[in-house]
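All values below were derived from every heavy atom in this structure, side-chain atoms included, with hydrogens, water molecules and symmetry-related copies excluded.
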Amino acid sequence: MNSRTILSSGGYERAESPLVRLVEAAVSMCGRVPHSLIALLGRFSIAAVFWKSGQTKVEGFAIDLVEGQFTLGIPQLSESAIALFQDEYKLPLLAPGIAASLAALAEHALPVLILLGLGTRFSALGLLAMTLVIQLFVYPGAYPTHGVWATVLLYLIATGPGVISVDHLLARGYRGR
């Protein structure tokens, strides 16, 4: 069977095979995945990564929604966190206690903001900066993992948090004025 059909104008048009139509339909369906769903999944996933890391740096305060662990108290920087920054991470320019405190604070505050979708682009930018520091100074061999983190964070920076976010509500209210 000929794959071309003659048009009345004398030109040719390719007759689409069932396989081509199936692939085009599949591609079209993939293109219908809503940005807000991707952003919400990305926000939850990247927030969990950094939150869980932050939880390893504090004592007296633990929240893990997935495992159902709740210890509500006054968080304190753990001795192991300071030792980690002193012995393993060895960041330039920052004393281990200060670096551990800043990391613990950022790994708790920024994921909460991202999860809420509040200041999402700026919070993602902060976590991207942390990711770059980790990649360059702490674990340079972990670039596959850090690349995935950076991709999610860049997506959120570029596209925002989606409609299921405080940012969206604030923007809608601001535009309504």
- For residues Pro96 and Phe85, report the shortest heavy-atom separation together with the two atoms involved. O-CB, 3.7 Å
- Between Ala124 and Ile157, the two heavy atoms sitting closest are CB-CG1, 3.7 Å
- Item | Nearest heavy-atom neighbours spanning Ala39 and Pro161 | CB-O, 3.3 Å
- Item | Student check: side-chain heavy atoms of Gln135 and Pro140 closer than 4.5 Å | yes
- Query: Are Leu116 and Leu125 co-members of a hydrophobic cluster defined by side-chain heavy atoms under 4.5 Å apart?
  - Reply: yes
- Message: Is any side-chain heavy atom of Lys52 closer than 4.5 Å to one of Asp64?
- Response: yes
- With Leu170 via side-chain contact (heavy atoms from CB on, under 4.5 Å) - residues at least two apart: Leu118, Val166
- Item | Side-chain heavy atoms of Leu91 within contact of Leu93, under 4.5 Å | no
- Query: Is it true that atom CD of Glu79 has more than 12 heavy atoms of other residues, nucleotides or ligands lying nearer than 6.0 Å?
  - Reply: no
- Within one Ile-Leu-Val-Met-Phe-Trp-Tyr cluster: Leu105 and Leu127, side-chain cutoff 4.5 Å: no
- Once you round to the nearest 0.5 Å, how far does NE2 of His168 lie from OG1 of Thr120? 12.0 Å
- Message: Hydrophobic clustering (ILVMFWY, side-chain heavy atoms < 4.5 Å, transitive) - are Val133 and Leu128 grouped together?
- Response: yes
- Message: For the CD1 atom on Ile74, are there more than 12 heavy atoms of other groups (residues, nucleotides or ligands in this structure) within a distance under 6.0 Å?
- Response: no
- Message: Under a 3.5 Å distance rule, please check whether Ser36 uses its side chain to pair with a backbone N or O of Val163 as donor and acceptor.
- Response: yes
- Message: For a 4.5 angstrom cut-off between non-hydrogen side-chain atoms, does Phe50 reach Leu110?
- Response: no
- Heavy-atom distance under 4.5 Å between the side chains of Tyr139 and Thr145, does that happen here? no
- Query: For Val33 and Leu37, which heavy atoms make the closest approach, and how far apart are they?
  - Reply: CG1-CD2, 4.4 Å
- Are the side chains of Phe61 and Gln55 in touch, meaning some heavy atoms are under 4.5 Å apart? yes
- Message: Is any side-chain heavy atom of Leu156 closer than 4.5 Å to one of Ile46?
- Response: yes
- Message: With a 4.5 Å cut-off on side-chain heavy-atom distances among I, L, V, M, F, W and Y, is there a chain of contacts connecting Leu154 to Leu113?
- Response: yes
- Item | ring pair (Phe, Tyr, Trp, His ring centres under 6.0 Å) pairs, two or more places apart, involving residues 90-111 | Trp51-His108
- Message: Return the CG to CD distance between Leu102 and Glu107, rounded to the nearest 0.5 Å.
- Response: 11.0 Å
- Query: What's the spacing between Thr159 OG1 and Ile38 CD1 if we round to 0.5 Å?
  - Reply: 8.0 Å
- Query: How long is the gap from CG on Leu153 to OG on Ser123, to the nearest 0.5 Å?
  - Reply: 10.0 Å
- Is it true that Phe137 and Tyr89 fall in one hydrophobic cluster, defined by side-chain heavy atoms closer than 4.5 Å? yes
- Ala100 and Ala81: which non-hydrogen atoms are nearest, and at how many Å? CB-O, 4.0 Å
- Message: How about CZ on Phe122, more than 12 heavy atoms from neighbouring residues, nucleotides or ligands closer than 6.0 Å, or not?
- Response: no
- Note on the structure: Closest non-hydrogen contact found for Ile164 with Arg43 is O-NH1, 2.8 Å
- Side-chain contact test, heavy atoms from C-beta onward, threshold under 4.5 Å: evaluate it for Leu115 versus Phe44 and give yes or no. yes
- I would like to know whether Leu65 and Phe70 meet side chain to side chain contact (heavy atoms under 4.5 Å, CB included); could you show each step before the answer? CA-CA 8 Å; Leu65 299 174; Phe70 300 96; 3.7 Å; yes
- Message: If only side-chain N and O atoms count, and only distance matters, is there a donor-acceptor pair under 3.5 Å linking Ser53 with Lys57?
- Response: yes
- Query: Looking at Leu77, Leu94, Val58, which one forms a side-chain contact (heavy atoms from CB on, under 4.5 Å) with Ser101?
  - Reply: Leu77
